[in-house]
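Data first, discussion second: the structure below is written as structure tokens.
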Amino acid sequence: MNLELDCRGLLCPLPVIKLAKALPTVAVGDTVTVLADDPAAATDIPAWCRMRSQELVSAVENTYVVRRVS
């Protein structure tokens, strides 16, 4: 299952908080796509992935795809 979170219009850290809550709901290997237009998300989401050892698959035009690794 691949999940999409529409976080447009939300300021950080809300997109990261929503990602953190949603990631455990998908299976290992599946993805969560976060739509976030807050400029801080470009820094915060990749940093969160590094800290939590999750894979940032892509970050293009306010769309962040995160694969659950564990």
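Values below: all heavy atoms of this structure, side chains included; hydrogens, waters and symmetry mates excluded. Please read all numbers here as calculations on a predicted model, not as lab measurements.
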Within the 4.5 Å heavy-atom criterion, are [X] and [Y] side-chain neighbours or not?
| X | Y | value |
| --- | --- | --- |
| V32 | L19 | yes |
| Q54 | S70 | yes |
| L10 | K18 | yes |

Donor-acceptor pairs are to be reported for all side-chain atoms of residues 44-53 against protein atoms at under 3.5 Å, with residues two or more places apart or in another chain.
none

Note: C12 and D38 closest approach over all heavy atoms is N-OD2, 2.6 Å
Heavy-atom closest pair (A36 atom, A41 atom, distance to 0.1 Å) is CB-CB, 3.8 Å
Sorted by chain and residue number, the salt bridge (Lys or Arg N to Asp or Glu O under 4.0 Å) partners of D30 (sequence neighbours excluded) come out as none
In the single-linkage hydrophobic clustering (I, L, V, M, F, W, Y; side-chain heavy atoms under 4.5 Å), do L3 and V66 co-cluster? yes
* Take T31 and R68, measure what side-chain contact (heavy atoms from CB on, under 4.5 Å) needs, and give me the verdict at the end. => CA-CA 6 Å; T31 61; R68 183 174 175 194; over 6 Å; no
### Any donor-acceptor pair under 3.5 Å from D37 side chain to R8 backbone
no
Between the OG1 atom in T33 and the CG atom in L35, the distance rounded to the nearest 0.5 Å is 7.0 Å
